[in-house]
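Counting begins at 1 with the first residue of the sequence. Note that this is a predicted model, so its numbers are computed, not measured.
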Amino acid sequence: MINSQEIKIGTCIRLDGKIWTCIDFQHRKPGKGNTVMITKLKNVADGRVIDRTFQVGFKLEDVRVERRPFQYLYQDPTGFIFMNQENFEQIPISEHQIAGFQYMKEGDIVEVVTDTSDGTILSAEMPAKTTLKITHSEPGVKGNTATNATKPATLETGAVVRVPLFINEGETIQIDTRDGSYLGRVNA
């Protein structure tokens with residue numbers, strides 16, 4: 001059991017029989033009344049996000065988790081197949097449990113979060129940044145760097161992101177896997 005004021009981003013709790021992970025929190029002391037924790041919780045099973053407010057001192061059942069590196073191998077009808085980097089065991093993980101799956105390519109290392117009590121896979125997290133090659137984009141125009149204009153570009157994984165006008169097909173770029181935003185060009 002943990003107190004509500006101990007919740008922080010990444011904390012897993014059991015609430016209403018389901019496992020939730022904290023994706024945002026705020027400690028608020030109103031002018032009148034008790035201090036409260038305002039949290040944004042994501043359901044590990046289906047990805048649903050809820051807002052929940054707890055009084056400070058409220059007892060919550062915490063879920064002990066373990067984080068391990070897994071390598072993405074391939075996708076089949078059962079889901080995305082990952083290999084444990086330590087014992088080479090292969091496991092399937094469904095699409096909704098993987099944050100940023102659309103930017104994942106074969107060989108990428110992700111962090112898989114499991115419940116230590118029963119070994120259930122809770123989620124898989126891509127690194128915050130990844131490097132991908134552009135497979136299709138309209139030709140770039142020299143001199144278009146002063147404005148913030150963007151154009152769509154298709155990446156090697158099939159995902160489409162917005163990039164500046166001067167980026168061309170065949171270039172390698174770095175993107176943020178949390179929101180799909182363009183971070184910069186990678187010089188090879």
Side-chain angles (χ1 to χ4, degrees), residues 1-72 75 78-87 89-104 108-130 148 150 157 159-162 174-184:
M1 298 295 267
I2 62 170
N3 288 324
S4 59
Q5 66 267 22
E6 296 173 31
I7 292 177
K8 52 186 176 284
I9 294 175
T11 302
C12 290
I13 61 170
R14 193 176 311 273
L15 190 68
D16 302 328
K18 295 181 175 72
I19 298 175
W20 302 81
T21 185
C22 178
I23 56 175
D24 194 23
F25 74 97
Q26 185 177 19
H27 190 256
R28 185 174 289 166
K29 171 81 171 112
K32 255 185 177 176
N34 296 333
T35 305
V36 293
M37 287 294 292
I38 300 169
T39 62
K40 191 171 283 208
L41 303 171
K42 182 177 179 182
N43 187 320
V44 173
D46 61 17
R48 193 168 40 112
V49 176
I50 62 168
D51 293 320
R52 187 62 70 98
T53 302
F54 300 103
Q55 294 290 327
V56 166
F58 186 76
K59 298 277 188 201
L60 296 164
E61 183 183 351
D62 63 332
V63 178
R64 300 282 177 211
V65 295
E66 189 174 73
R67 297 173 182 273
R68 293 192 176 207
F70 278 69
Q71 181 180 15
Y72 171 56
Q75 183 179 4
T78 62
F80 293 88
I81 307 299
F82 290 87
M83 179 178 66
N84 186 327
Q85 292 292 101
E86 297 162 358
N87 62 14
E89 172 192 2
Q90 293 183 12
I91 58 165
I93 300 177
S94 63
E95 183 178 294
H96 74 275
Q97 291 180 299
I98 306 168
F101 72 91
Q102 61 271 37
Y103 309 110
M104 193 169 54
D108 280 352
I109 304 296
V110 301
E111 191 172 72
V112 175
V113 181
T114 56
D115 183 350
T116 56
S117 63
D118 61 3
T120 306
I121 295 170
L122 303 177
S123 66
E125 300 167 1
M126 285 279 295
K129 299 176 189 173
T130 189
N148 288 335
T150 60
T157 61
V160 177
V161 296
R162 304 289 300 179
Q174 191 174 55
I175 59 163
D176 188 328
T177 59
R178 295 168 293 196
D179 60 6
S181 60
Y182 167 83
L183 296 175

Hey, can you pull the donor-acceptor pairs under 3.5 Å for the side chains in residues 15-24, sequence neighbours left out?
unit_1	atom_1	unit_2	atom_2	d
W20	NE1	L15	O	3.2

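- Around the CZ atom of R162, the shell of radius 6.0 Å holds more than 12 heavy atoms that belong to other residues, nucleotides or ligands.
- The ring pair (Phe, Tyr, Trp, His ring centres under 6.0 Å) with F82 is formed by just one residue from the set F101, Y72, F70; it is Y72.
- Nearest heavy-atom pair across M37 and Q5 is CG-CA, 3.9 Å.
- Heavy atoms only, all atoms of each residue included: T116 and V65 are closest at CG2-C, 3.8 Å.
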- Go through the steps for V161 and Y103 under the test side-chain contact (heavy atoms from CB on, under 4.5 Å), then give the verdict. CA-CA 10 Å; V161 296; Y103 309 110; 3.9 Å; yes
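- Distance CD/Q75 to CD1/I81: 9.0 Å, rounded to 0.5 Å.
- Closest of all the heavy-atom pairs between D179 and S181 is OD1-OG, 2.8 Å.
- Looking at T11 and I2, their side chains come closer than 4.5 Å, going by heavy atoms from C-beta outward.
- Rounding to the nearest 0.5 angstrom, the gap separating the CD atom in E66 from the OG1 atom in T114 is 4.5 Å.
- The CZ atom of F54 sits 5.5 Å away from atom CG of L41, with the distance rounded to the nearest 0.5 Å.
- With hydrogens and angles ignored, the 3.5 Å screen pairs a side-chain donor or acceptor of T39 with a backbone N or O of R52.
- Every residue was checked against the salt bridge (charged side-chain N to carboxylate O under 4.0 Å, His left out) condition with E89, not counting sequence neighbours, and none meets it.
- The salt bridge (charged side-chain N to carboxylate O under 4.0 Å, His left out) search around E95 returns none, not counting sequence neighbours.
- Here I7 contributes atom CD1 and C12 contributes atom SG; the two are 11.0 Å apart, rounded to the nearest 0.5 Å.
- Side chain of T157 to main chain of Q102: a donor-acceptor pair is present (N/O by atom type, distance under 3.5 Å, no hydrogens or angles).
- A 4.5 Å side-chain heavy-atom check between I91 and N84 finds every atom pair outside the cut-off.
- The two atoms that bring G57 and S4 nearest to each other are N-OG, 3.4 Å, heavy atoms only.
- Taking the side chain to side chain donor-acceptor pair (under 3.5 Å) definition, one finds that D108 meets it with nothing, sequence neighbours left out.
- R67 is linked by a salt bridge (charged side-chain N to carboxylate O under 4.0 Å, His left out) to E111, E125, counting only residues two or more places apart in sequence or in another chain.
- Within the structure, every pair that satisfies the side chain to side chain donor-acceptor pair (under 3.5 Å) test and touches residues 53-62, not counting sequence neighbours, is listed here: N3-K59, R14-E61, D62-R64.
- Contact check for V110 versus M126: side-chain heavy atoms found under the 4.5 Å cut-off.
- Of the inter-residue distances, the one linking I109 atom CD1 with Q85 atom CD reads 4.0 Å to the nearest 0.5 angstrom.
- The backbone N or O of P127 lies less than 3.5 Å from a partner atom in the side chain of T177, making a donor-acceptor pair.
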